[in-house]
There are 2 protein chains.
Amino acid sequence: MNHVIAIGKVSEATGVKVPTIRYYEQIGLLPAPPRTEGNRRTYDRKDADRLTFIRHSRELGFEIDQIRTLLSLQDRPDQSCSEADTIAKARLAEVKDKIASLKALEAELERMVEGCSHGRVETCQVIEILADHGKCKHHLHDA
Amino acid sequence: MNHVIAIGKVSEATGVKVPTIRYYEQIGLLPAPPRTEGNRRTYDRKDADRLTFIRHSRELGFEIDQIRTLLSLQDRPDQSCSEADTIAKARLAEVKDKIASLKALEAELERMVEGCSHGRVETCQVIEILADHGKCKHHLHDA
DNA sequence: CCTACATCCTCAAGTCACTAGAGGAGCAAG
DNA sequence: CTTGCTCCTCTAGTGACTTGAGGATGTAGG
């Protein structure tokens with residue numbers, strides 16, 4: 001209720017950097033807060049909660065547009081949560097994919113590093129493997 | 001030696017898209033090839049190899065600047081490969097980190113999705129967990 | 001009251017690694 | 001000769017911010 005928190009304090013409390021908070025306001029993800037006489041933004045607890053929600057969602061890899069949807073769902077608690085469920089499931093699938101391809105990548109990098117004879121480039125597996133894709137067993141889709 | 005391959009063919013052969021090849025030339029990652037009378041780029045086997053090297057490195061998640069270093073190492077085979085080794089090791093560490101944080105993320109998403117009662121938003125774990133970071137056991141660094 | 005200094009403001013431009021589109025020229029086949 | 005493909009340059013857009021310039025405001029100490 002009492003808009004009293006300065007942008008720097010919200011930043012500290014939520015872990016979202018000051019310019020990022022202003023950016024979120026600009027793109028309409030966070031409502032423009034009231035200002036002091038000296039034109040400074042004043043936030044309250046609700047704003048901080050929203051920013052925490054946003055930060056956590058970003059950490060989980062959701063895109064801004066997905067977060068927009070999730071936020072709008074949060075604002076209307078009577079609605080079905082199937083949309084939130086769908087978004088989370090899609091993200092989960094993405095994450096599983098990414099873990100799989102990162103593991104392939106890890107294996108290949110390990111092979112590279114282990115194969116490095118610490119000699120000259122001529123005989124270095126690192127360079128060798130990068131140069132010759134045929135030496136790579138896996139098909140990596142994206143890393 | 002015989003510069004004879006058109007950009008579309010190199011693209012096909014290496015899996016690097018045509019505009020991306022031109023982009024790599026622009027940023028100096030790939031040397032500007034000779035042109036035909038009709039101003040078309042003509043590539044040879046060496047260029048294709050270099051592009052394969054670049055693509056594979058990108059798939060492994062190396063940044064353009066790192067690839068620049070790796071390429072310059074490849075060009076001077078007498079040098080020590082310790083720099084390549086260092087770059088690969090750093091990338092390996094990054095990948096391991098990322099896998100760890102993605103696994104935490106996977107667990108959290110799974111918890112969210114399983115906790116969804118398919119009812120209204122009010123009781124939905126998905127929204128709940130996003131809103132309250134305290135409910136999240138893990139510290140995720142980046143996803 | 002004055003002076004440092006931290007914090008805040010706006011606006012524009014930069015980052016990374018591409019991708020997309022406009023508008024036009026070259027080239028091979030039917 | 002025309003259809004349709006590939007190619008050319010150039011500019012601008014993408015996502016999610018970050019950085020910097022240039023200035024105003026707020027606060028603590030002397």
Side-chain angles (χ1 to χ4, degrees), chain A residues 3-30 32-43 47 50-51 53-71 87 90-91 94 98 140-143, chain B residues 3-30 32-43 47 50-51 53-71 91 94 98 140-143:
Chain A
H3 284 267
V4 129
I5 318 167
I7 197 166
K9 298 293 162 196
V10 190
S11 171
E12 228 173 286
T14 62
V16 182
K17 287 185 204 150
V18 170
T20 307
I21 296 174
R22 288 196 279 250
Y23 168 73
Y24 286 158
E25 180 183 326
Q26 194 191 303
I27 63 168
L29 202 59
L30 192 69
R35 304 288 185 109
T36 65
E37 293 220 337
N39 199 33
R40 281 151 189 239
R41 291 168 177 84
T42 51
Y43 296 97
D47 297 315
R50 198 174 175 97
L51 272 172
F53 185 103
I54 294 168
R55 204 208 59 185
H56 194 194
S57 303
R58 288 293 298 136
E59 277 174 355
L60 288 169
F62 292 103
E63 292 168 12
I64 296 286
D65 268 2
Q66 296 178 320
I67 297 173
R68 242 183 258 277
T69 305
L70 292 171
L71 279 168
I87 291 173
R91 179 65 190 143
E94 270 174 39
K98 195 127 191 173
L140 305 166
H141 292 297
D142 37 28
Chain B
H3 285 266
V4 129
I5 319 168
I7 196 167
K9 300 291 164 200
V10 189
S11 171
E12 227 175 287
T14 61
V16 182
K17 288 186 203 148
V18 170
T20 306
I21 296 174
R22 288 196 279 250
Y23 167 73
Y24 286 158
E25 179 183 326
Q26 195 190 300
I27 62 167
L29 202 59
L30 192 68
R35 305 286 185 110
T36 65
E37 293 220 336
N39 200 33
R40 282 150 190 242
R41 289 168 178 84
T42 52
Y43 296 97
D47 297 315
R50 198 173 173 97
L51 271 172
F53 185 103
I54 294 169
R55 204 209 59 185
H56 194 195
S57 302
R58 287 292 298 137
E59 278 174 354
L60 289 170
F62 292 103
E63 291 168 12
I64 297 286
D65 268 3
Q66 297 178 320
I67 297 173
R68 241 183 259 277
T69 304
L70 291 170
L71 279 167
R91 178 65 189 143
E94 270 174 41
K98 194 129 190 171
L140 306 164
H141 291 298
D142 39 26

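Every chain is numbered from 1, with letters handed out A, B, ... down the list of sequences. What you see below is based on every heavy atom in this structure, not just the backbone, and it leaves out hydrogens, waters and symmetry mates.
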Engineer: Quick one: A:Lys17 NZ to C:dC8 P, roughly how many Å, whole number?
Structural biologist: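 Distance check: A:Lys17 NZ to C:dC8 P gives 15 Å.
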Engineer: Figure out the CD/C1' separation between A:Glu37 and D:dA24, and round it to whole Å.
Structural biologist: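 Value for this atom pair: 15 Å.
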Engineer: Is A:Ile7 touching bases, backbone alone, or none of the nucleic acid, heavy atoms closer than 4.0 Å?
Structural biologist: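 The answer is sugar-phosphate, as A:Ile7 gets under 4.0 Å only of primed atoms, P, OP1 or OP2.
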Engineer: Roughly how many Å is it from CD in B:Gln66 to C1' in C:dC16, rounded to a whole number?
Structural biologist: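 The answer, rounded to whole Å, is 13 Å.
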Engineer: Assuming nearest nucleotide by heavy-atom distance, tell me which of B:Asn39 and B:Ile64 is located more 5' along DNA chain C.
Structural biologist: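 The 5'-side residue here is B:Ile64.
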Engineer: Got A:Arg55 and A:Leu51 here, is their nearest side-chain heavy-atom distance under 4.5 Å?
Structural biologist: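 They are not in contact (no side-chain heavy atoms under 4.5 Å apart), so the answer is no.
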Engineer: So, does A:Ser11 use its side chain to make a donor-acceptor pair with the main chain of A:Ile7 at under 3.5 Å?
Structural biologist: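 A pair under 3.5 Å: no.
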Engineer: How close or far is atom P of D:dT14 from atom CG of A:Asp65, stated in whole angstroms?
Structural biologist: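 A:Asp65 atom CG is separated from D:dT14 atom P by 12 Å.
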Engineer: Let me know the distance between CD of B:Gln26 and P of C:dT19, rounded to the nearest Å.
Structural biologist: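 These atoms are roughly 14 Å apart.
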Engineer: Has the side chain of A:Arg22 got a donor or acceptor atom sitting under 3.5 Å from an opposite partner on the base of C:dT10?
Structural biologist: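 Flag unset: no donor-acceptor pair detected.
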Engineer: Taking for each residue the nucleotide of DNA chain D bearing the nearest heavy atom, is the 5' side occupied by A:Pro19 or by B:Gly8?
Structural biologist: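 Mapping each residue to its closest nucleotide by heavy atoms, the 5'-most match is B:Gly8.
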Engineer: Pick the nucleotide of DNA chain C nearest each of B:Glu63 and B:Arg40; which residue has the one closer to the 5' end?
Structural biologist: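 Result: B:Glu63.
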Engineer: Of the nucleotides C:dT19, D:dC17, C:dC9, which one has an atom closest to the side chain of A:Arg58?
Structural biologist: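 Per side-chain heavy atoms of A:Arg58, the pick is D:dC17.
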Engineer: Flag the pair A:Arg50 and A:Asp47 as a salt bridge only when some basic side-chain nitrogen lies within less than 4.0 angstrom of an acidic carboxylate oxygen.
Structural biologist: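 No salt bridge links A:Arg50 with A:Asp47.
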Engineer: I want to verify a distance call: between C:dC18, C:dC8, D:dC8, whose nearest atom is closest to the B:Tyr23 side chain?
Structural biologist: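 Out of C:dC18, C:dC8, D:dC8, the nucleotide with an atom closest to B:Tyr23's side chain is C:dC18.
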Engineer: For A:Arg55 and D:dA16, give me the distance from atom CZ to atom P, rounded to whole Å.
Structural biologist: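 To the nearest whole Å, that distance equals 17 Å.
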Engineer: B:Ile21 has an atom CD1; how far is it from atom C1' of C:dT19, in whole Å?
Structural biologist: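 In whole Å, C:dT19 C1' and B:Ile21 CD1 are 14 Å from each other.
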Engineer: Could you tell me how far apart B:Arg41 (CZ) and C:dA25 (P) are, to the nearest whole angstrom?
Structural biologist: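 It works out to 17 Å between those atoms.
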Engineer: Donor-acceptor pair, A:Thr42 side chain versus A:Val4 backbone, under 3.5 Å?
Structural biologist: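 Pair absent, no side-chain N/O of A:Thr42 close to backbone of A:Val4.
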Engineer: Considering non-hydrogen atoms only, spot the tightest contact between A:Leu71 and A:Ile54 and give its length.
Structural biologist: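 Taking A:Leu71 first and A:Ile54 second, the nearest heavy atoms are CD1-CG1, 4.0 Å.
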